[in-house]
Visitor: 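The structure under discussion is supplied below as structure tokens; questions concerning it will follow.
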Protein chains: 2
Amino acid sequence: MSDQRATIAEAVVAAAGAFTAEELHRSLAVSAPGIGLATVYRALGAMQEAGSVTQVGQRDGSTLLARCGRDGHHHHLVCTSCGRVIAIDCPLGGSLAGREVGDGHVITRHEITLYGLCADCRAHEED
Amino acid sequence: MSDQRATIAEAVVAAAGAFTAEELHRSLAVSAPGIGLATVYRALGAMQEAGSVTQVGQRDGSTLLARCGRDGHHHHLVCTSCGRVIAIDCPLGGSLAGREVGDGHVITRHEITLYGLCADCRAHEED
DNA sequence: GTGTATGTGAGAAGCGTTCTCACTTACGCC
DNA sequence: GGCGTAAGTGAGAACGCTTCTCACATACAC
Ligand SMILES: [Mn+2]
Ligand SMILES: [Mn+2]
Ligand SMILES: [Zn+2]
Ligand SMILES: [Zn+2]
């Protein structure tokens, strides 16, 4: 593994929650300048394939990523204020796989993402 | 309402299921040539605001849209073969709204999309 | 009529992402 | 050591979807 990829992997671990490729690149510009944006994209792509980084939504036009090493079927809960990401069990209990719903439609896959405010952000709001 | 928007609205109704803006524009090129792609985007945007068209996912880089006039909280079930879209009740029963999950995270919103094969596509597969 | 608001088509622009290319680095093999 | 190959890198160009700009058209209000 190259020095750049190691640095990028550290930045991913240091990230509080969800981030975009450009945000990660900006954070690297401070601590480890000189790493190209294309390299960040390549490293994040490799981590997605390896399973340590997952796509958790979109913000504006950009893909939101987050570190998530959990394996097995699960989903994510994203704080819309601070970006914190929490892995959660599938609220459907995996019960839909191969099941028929509606008018004979057989479900092969599903996407679920929950959004809200984490405990910390709620405490800091006091509105 | 302009002639163009009426034509685009008809094409949306005629569409079998999910479609991209470009696909709709291509279908118009046959029956009603001369309508600009920007006009299609503008009309689809207006229909989204009006609530008659909804975003049901992404395919490659493009936004997938579908006609859906149903109101109230619901989600969608998309056939990955023919694009047919079926509205479904929220499988969470709306139970999550305002509820705490995980470590005190309060859910304000969620996204659910189911994918699979509709009855027709399953019948035509016989593999 | 005159003004104002809204819509239109063509192409330019924007923007996130991927690709190209020349270059470097790491490693296996002899 | 020399040498070949594979993988990674940075800069910028290219790409593709979407939005914007601009000149023009149409519709309604007064
Ligand atoms: Mn995860
Ligand atoms: Mn719907
Ligand atoms: Zn938070
Ligand atoms: Zn189908």
Side-chain angles (χ1 to χ4, degrees), chain A residues 1-13 15 17-67 78 83 85 111 113, chain B residues 1-13 15 17-67 78 83 85 111 113:
Chain A
M1 173 181 286
S2 66
D3 292 355
Q4 290 92 335
R5 294 214 174 175
T7 305
I8 292 166
E10 281 171 33
V12 167
V13 171
F19 55 86
T20 68
E22 299 231 32
E23 283 167 359
L24 201 73
H25 184 237
R26 250 200 309 283
S27 81
L28 290 171
V30 179
S31 57
I35 294 185
L37 179 57
T39 298
V40 172
Y41 273 103
R42 285 186 286 240
L44 290 174
M47 287 186 232
Q48 285 182 69
E49 283 188 15
S52 60
V53 163
T54 324
Q55 198 164 328
V56 294
Q58 302 265 127
R59 192 178 54 215
D60 308 311
S62 308
T63 303
L64 273 185
L65 302 171
R67 186 166 99 91
V78 184
V85 173
E111 288 169 8
T113 310
Chain B
M1 171 183 287
S2 67
D3 291 355
Q4 290 92 334
R5 293 214 175 175
T7 305
I8 292 167
E10 283 172 30
V12 166
V13 172
F19 55 86
T20 67
E22 300 230 35
E23 282 168 359
L24 201 73
H25 184 238
R26 249 198 310 282
S27 80
L28 290 171
V30 178
S31 57
I35 296 184
L37 179 57
T39 298
V40 172
Y41 271 104
R42 284 186 286 239
L44 290 174
M47 287 186 232
Q48 286 182 70
E49 283 187 14
S52 59
V53 162
T54 324
Q55 199 165 327
V56 293
Q58 301 265 129
R59 193 178 54 214
D60 309 312
S62 308
T63 302
L64 273 184
L65 302 172
R67 186 168 101 91
V78 183
V85 173
E111 289 169 7
T113 310

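Convention: sequence-line order gives letters A, B, ...; per-chain numbering from 1.
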Visitor: With rounding to the nearest 0.5 angstrom, report the CZ to CZ distance, B:R59 to B:F19.
Guide: 11.0 Å
Visitor: With heavy atoms under 4.0 Å as the rule, sort A:T20 into base, sugar-phosphate or nothing.
Guide: nothing
Visitor: To the nearest Å, give me how far apart CE (A:M1) and C1' (C:dC27) are.
Guide: 17 Å
Visitor: Nearest whole angstrom, please: distance from the C1' of D:dC17 to the CZ of B:F19.
Guide: 16 Å
Visitor: How close or far is atom P of C:dT8 from atom CG of B:L44, stated in whole angstroms?
Guide: 12 Å
Visitor: For the pair A:L65 and A:T20, evaluate side-chain contact (heavy atoms from CB on, under 4.5 Å) and give the outcome as yes or no after the intermediate values.
Guide: CA-CA 6 Å; A:L65 302 171; A:T20 68; over 6 Å; no
Visitor: Hey, is the main chain of B:D3 close enough, under 3.5 Å, to the side chain of B:T7 for a donor-acceptor pair?
Guide: yes
Visitor: Indicate whether OP1 or OP2 belonging to D:dT9 is found under 4.0 Å from a side-chain N or O atom of A:R5.
Guide: yes
Visitor: Any idea which of C:dT17, D:dT18, D:dG10 is nearest the B:L37 side chain?
Guide: D:dT18
Visitor: Using a heavy-atom cut-off of under 4.0 Å over every strand shown, decide if A:R42 touches base, sugar-phosphate, or nothing.
Guide: base
Visitor: Verify, without hydrogens or angle tests, whether A:H25 (side chain) and A:I35 (backbone) share a donor-acceptor contact under 3.5 angstrom.
Guide: yes
Visitor: Take atom CD of B:Q48 and atom P of D:dT19, then tell me their distance rounded to the nearest Å.
Guide: 9 Å
Visitor: Send over the distance from B:H25 NE2 to C:dG11 P, rounded to a whole Å.
Guide: 12 Å
Visitor: Report yes if at least one side-chain N or O of A:Y41 is closer than 4.0 Å to OP1 or OP2 of C:dT18; otherwise report no.
Guide: no
Visitor: Would you kindly give the CZ-to-P distance between B:R59 and D:dG16, to the nearest whole Å?
Guide: 16 Å
Visitor: Rounding to an integer number of Å, can you tell me how far B:E22 CD sits from D:dT19 P?
Guide: 12 Å
Visitor: Specify the separation, in whole Å, of atom CG of B:D3 and atom P of D:dA27.
Guide: 8 Å
Visitor: Check the phosphate of D:dG10 against A:Q4, side-chain N and O only, distance under 4.0 Å to OP1 or OP2. Yes or no?
Guide: yes
Visitor: Counting N and O atoms only, with roles assigned by atom type, does the side chain of A:E49 sit under 3.5 Å from a partner on the main chain of A:A46, one being a donor and the other an acceptor?
Guide: no
Visitor: Can you tell me if the side-chain N/O atoms of A:S2 get under 4.0 Å from OP1 or OP2 in C:dT25?
Guide: no
